[in-house]
Number of protein chains: 2
Amino acid sequence: MKNLRPGIIELLKKGSCTPRISDLASKLHSKSTTVHYNVKQMEHDGTIKSYKAVFDYNKIGEGFCTYVLISLGKQEYKSPEVVAGELAKYGNIESVDIVTGQWEIIIKVRTKDIAEYYEFAKKVLSLHGIEKTHTLNSMHQVKTEFMTMG
Amino acid sequence: MKNLRPGIIELLKKGSCTPRISDLASKLHSKSTTVHYNVKQMEHDGTIKSYKAVFDYNKIGEGFCTYVLISLGKQEYKSPEVVAGELAKYGNIESVDIVTGQWEIIIKVRTKDIAEYYEFAKKVLSLHGIEKTHTLNSMHQVKTEFMTMG
DNA sequence: TTCATGATTTGAATATTATTCTAATATATT
DNA sequence: AATATATTAGAATAATATTCAAATCATGAA
């Protein structure tokens with residue numbers, strides 16, 4: 001007997017979902033064929049990127065959430081774009097933004113606990129030409145991906 | 001003729017999607033009834049909070065993305081939890097976290113442009129007993145909600 | 001305005017897929 | 001080992017998305 005959850009979680013984290021046309025139709029007081037037409041349009045013109053699940057991250061071993069402000073150092077040979085692209089490849093990094101001001105990149109990281117975060121930081125943040133970091137640990141995730149937790 | 005897009009976007013931002021059981025089943029080399037059983041289990045025990053869409057936020061008038069670090073001031077009568085809860089109610093705030101360190105709350109805000117952000121900041125950040133803020137503007141959103149943009 | 005063109009909506013028919021139910025198998029507990 | 005519980009599987013059904021053709025609406029040109 002195989003434990004399907006990890007595989008399901010990995011797939012649903014990024015996709016493998018679909019809009020409920022009939023639900024949208026009834027909520028918007030429209031015909032389902034009309035909603036279907038509009039949604040497909042948004043998919044084709046790139047307005048909609050994906051359909052995915054939002055999890056209770058505490059229940060999938062990613063309850064420890066950290067924001068890391070990253071500075072690259074002026075004389076660095078790697079551009080922020082390159083470093084950001086490298087960071088984006090990590091599955092436990094939820095978001096990567098190149099920002100203005102004193103820091104160059106901000107990332108949001110999800111790990112099981114502080115120990116796993118420490119391993120991540122050792123492995124990832126030492127590489128990639130990162131000079132300086134400032135860490136903000138989330139004690140309470142009140143809202144995530146537009147979803148209010150509770 | 002009504003423009004359905006705003007309504008569809010609002011609903012898909014938080015929900016109105018469903019997992020594609022058969023897609024999961026084929027990718028995981030399992031029977032769809034088995035996947036169905038496991039997914040329902042995760043829904044019922046709260047592991048899965050919702051199924052939603054991810055957008056190209058530039059195309060839905062939310063291309064301007066800002067992280068705001070918030071400090072509340074020691075003698076404040078409102079707790080971080082209360083302020084965070086109030087902030088979470090705003091539809092254009094993607095995430096709200098209560099964090100450790102020199103700042104108390106970090107939020108991620110989406111607006112159309114800097115002008116709309118200014119209106120938001122005037123309206124929201126002046127209320128709620130917020131003492132000091134530090135703003136990081138995203139010049140490039142490389143990854144969002146686990147989805148790499150491109 | 002009227003006409004013509006393209007875009008959006010609609011309804012009916014069909015195809016897919018989720019869901020239900022029952023049975024079988026695996027896992028855990030005593 | 002024996003019983004109870006949890007998970008997987010198959011067949012039948014229900015629900016829903018999708019397709020297609022036709023109707024309606026919106027737009028711009030004459």
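Computed from a predicted structure; not experimentally measured.
Contact between A:S30 and A:V35 at its shortest, heavy atoms only, is CB-CG2, 4.0 Å. Contact record, B:S16 with B:L11: OG-CB, 4.1 Å, taken as the closest heavy-atom pair.
Using modelled atom types, one finds no donor on one side chain facing an acceptor on the other under 3.5 Å when comparing A:T111 with A:N92. Checking B:E94 against B:Y57 by side-chain atom types alone, no donor-acceptor pair falls below 3.5 Å. Under the 3.5 Å distance criterion, with hydrogens and angles disregarded, a donor-acceptor pair is assigned to the side chains of A:N137 and A:T66.
Taking atom NE2 on A:H44 and atom C1' on C:dT8, their separation rounds to 16 Å, with Å as the unit. Distance, B:Y37 OH to C:dT22 P: 16 Å, rounded to whole Å. For the pair A:Q41 CD and C:dT8 C1', the computed distance is 8 Å after rounding to whole Å. To the nearest angstrom, P of C:dT19 lies 19 Å from NZ of B:K31. Look at OH on B:Y51: it is 12 Å from C1' on C:dA18, rounded to the nearest Å. Rounded to whole Å, the distance from CD on B:E43 to P on C:dA18 is 12 Å. Here C:dT27 presents its P atom at 12 Å from CG of A:N3, a figure rounded to the nearest Å. Atoms CG (B:L24) and P (C:dT19) sit 12 Å apart, rounded to a whole Å.
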Quiz prompt | nucleotides 13-27 of chain D: protein proximity per nucleotide (B base, S sugar-phosphate only, - neither; heavy atom, under 4.0 Å) | solution = ---SSSB-----SS-
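The phosphate of D:dT8 has OP1 or OP2 within less than 4.0 Å of a side-chain N or O from B:N38.
Two residues are said to be in side-chain contact when any heavy atoms from C-beta on lie closer than 4.5 Å; B:Y90 and B:V124 meet this criterion.
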